[in-house]
Amino acid sequence: MSALKKSPTSTPTKLSTFAYECTNNQGAKVKGEIAAINLTLAKADLRRQGLNPIKVRRRSKSIFSGQRRKKISAAEISYFSRQMATMMSAGVPLVQSFDIVAKGLDNESMRDLVLSIKADVEAGRSFSEALKQHPMYFDPLFCSLVAAGEASGSLETMLDRIATYKEKTESLKRKIKKALFYPTAVMVVAIIVTAILLVFVVPQFEQLFKGFGADLPAFTKMIISLSKIVQKWWWAFLGIIILSVWGISYSKRKYPKVEHTFDRLLLKVPIVGNILHKAAIARFARTLSTTFAAGVPLVEALESVAGATGNIIYSTAVLRIRDEVSTGSQMQLAMRNTGIFPNMVIQMVTIGEESGSLDAMLGKIATIYEEEVDAAVDGLSSLLEPLIMAVLGVLVGGLVIAMYLPIFKMGSVI
């Protein structure tokens with residue numbers, strides 16, 4: 001499809017903010033701010049809005065202004081997609097839609113991004129080309145779908161599909177983060193509580209035991225020795241934890257083999273691994289359903305899907321499927337050869353291929369697995385709440401028993 005071919009890269013349009021003082025049609029004075037490429041375009045934009053410029057000047061930027069600007073989140077990009085879909089389905093022209101959406105945004109960075117896209121479109125670029133100037137916020141899949149919508153003359157329909165896709169994928173990401181948060185929270189809370197007891201509480205008991213003049217139980221001696229080690233080498237333990245987290249993160253980005261090993265191990269973690277498996281399948285099915293329904297050829301769609309699965313094991317498998325499909329194999333056979341897709345998924349894809357409704361069947365698969373992820377995350381939350389209490393109880397209880405054993409022993413002697 002010609003609309004999906006990559007266009008030459010060009011420099012993104014940089015906007016400046018202008019403070020203005022104008023009069024409206026009733027002669028009343030209006031003040032505000034507007035983003036534009038230069039002063040001339042700022043005045044022209046104000047006149048299009050029915051305002052007569054009196055004074056327009058470039059707003060000076062504070063050296064700290066960049067620090068106050070909020071980052072643009074994936075949820076805001078999803079909201080932008082939905083708003084643009086709503087505006088265009090209501091018959092609002094594209095450029096005017098940008099203005100309406102921008103005025104309703106609270107995040108200044110997001111507002112400037114929308115106005116920058118608007119400026120690019122006004123300068124003669126297509127919507128998809130304008131989006132490609134901001135790869136940090138609009139991935140190739142997003143741009144390709146918009147290009148397909150422009151080529152087919154159904155941009156508003158395509159924006160609605162993109163908005164639905166982004167909303168569902170963001171919802172799935174939140175569920176995955178929630179699933180991974182609980183085990184991490186258990187470990188962090190346990191480490192912090194144990195460290196506080198070893199550094200601040202145990203030394204107080206140690207001073208008390210010195211006055212007993214009696215031999216301490218082995219368990220108590222072990223805890224006191226551990227407390228001394230933590231007090232002396234706490235900075236080393238903290239450094240090891242920080243370096244380990246940084247090292248894993250850096251190695252994953254730098255070395256594909258490390259990322260492959262890490263993702264494979266993560267999929268084998270009890271309960272959490274099962275959730276990640278289902279989430280990857282849901283992403284695969286949802287993304288492929290959206291791209292295929294948009295008219296993107298299957299081989300090209302699979303290439304876009306590979307990067308959206310969220311796990312390198314599934315990304316590699318999808319690329320294998322693409323290679324086999326490009327040589328004439330059926331998709332369901334290629335999926336079976338990877339050995340990681342459940343039989344139910346393969347059977348549903350088979351039915352979709354035979355009936356000519358692959359996109360609809362993939363959408364059903366995505367819905368099923370998204371619901372399973374939701375149920376699994378809720379189950380994990382219910383399971384880990386008592387587990388957190390049990391872990392903390394064992395740690396705190398063990399330290400308390402170790403400190404009170406000498407007191408119990410002295411009481412029995414008396």
Side-chain angles (χ1 to χ4, degrees), residues 1-13 77-102 113-169 283-308 318-319 321-322 325-326 331 352-353 356-363 366:
M1 189 176 292
S2 59
L4 299 180
K5 290 180 181 177
K6 293 183 180 178
S7 60
T9 56
S10 52
T11 306
T13 304
I77 298 297
S78 175
Y79 177 74
F80 165 72
S81 307
R82 174 58 65 194
Q83 289 292 92
M84 289 298 297
T86 303
M87 291 295 105
M88 295 202 68
S89 63
V92 180
L94 181 61
V95 174
Q96 190 176 347
S97 298
F98 289 129
D99 277 326
I100 296 171
V101 171
L113 175 63
V114 174
L115 292 175
S116 177
I117 295 170
K118 173 198 166 191
D120 283 334
V121 172
E122 287 181 322
R125 289 191 177 117
S126 66
F127 188 14
S128 58
E129 288 173 342
L131 293 177
K132 288 176 183 177
Q133 309 310 309
H134 308 278
M136 184 182 296
Y137 308 113
F138 302 100
D139 56 30
L141 175 62
F142 194 113
C143 298
S144 295
L145 291 173
V146 171
E150 288 177 313
S152 62
S154 57
L155 183 57
E156 64 278 0
T157 303
M158 187 58 65
L159 284 170
D160 183 67
R161 284 179 179 170
I162 293 171
T164 302
Y165 165 72
K166 295 292 288 183
E167 287 163 357
K168 288 185 178 295
T169 51
R283 284 173 176 167
F284 163 80
R286 179 65 63 194
T287 309
L288 188 56
S289 172
T290 303
T291 51
F292 195 60
V296 180
L298 183 58
V299 174
E300 193 172 341
L302 286 167
E303 188 170 352
S304 300
V305 170
V318 173
L319 291 176
I321 294 170
R322 179 205 61 186
V325 169
S326 65
M331 185 175 160
E353 284 187 304
S357 57
L358 183 58
D359 55 336
M361 194 59 69
L362 286 166

Sequence-distant partners of D99, salt bridge (Lys or Arg N to Asp or Glu O under 4.0 Å), two or more places apart =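 Scan of D99 (salt bridge (Lys or Arg N to Asp or Glu O under 4.0 Å), adjacent residues dropped) gives K118.
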key: Those residues that, when tested against R286, pass salt bridge (Lys or Arg N to Asp or Glu O under 4.0 Å) (two or more places apart)   =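 In terms of salt bridge (Lys or Arg N to Asp or Glu O under 4.0 Å), with neighbours along the sequence ignored, R286 is linked to E370.
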Going by side-chain hydrogen bond (donor to acceptor under 3.5 Å, both in side chains), name the residues that satisfy it together with [X], two or more places apart in sequence or in a different chain.
| X | value |
| --- | --- |
| R82 | D160, T164, E167 |
| T290 | none |
| E156 | none |
| T157 | none |

task = For F127 and F138, run ring pair (Phe, Tyr, Trp, His ring centres under 6.0 Å): C-alpha distance rounded to whole Å, both residues' side-chain angles, the deciding distance at 0.1 Å, then the answer.
result = CA-CA 12 Å; F127 188 14; F138 302 100; 7.9 Å; no
If you look at every heavy atom in [X] and [Y], which pair is closest and at what distance?
| X | Y | result |
| --- | --- | --- |
| K132 | C143 | CG-SG, 3.7 Å |
| I321 | L302 | CG2-CD1, 4.0 Å |
| M158 | G149 | CB-CA, 3.9 Å |

Main-chain N/O of [Y] paired with [X] side-chain donor or acceptor, under 3.5 Å:
| X | Y | answer |
| --- | --- | --- |
| Q96 | P93 | no |
| R322 | A306 | no |
| S89 | T86 | yes |

message = Working to the nearest 0.5 angstrom, can you tell me the gap between D120 CG and Q133 CD?
response = 5.5 Å
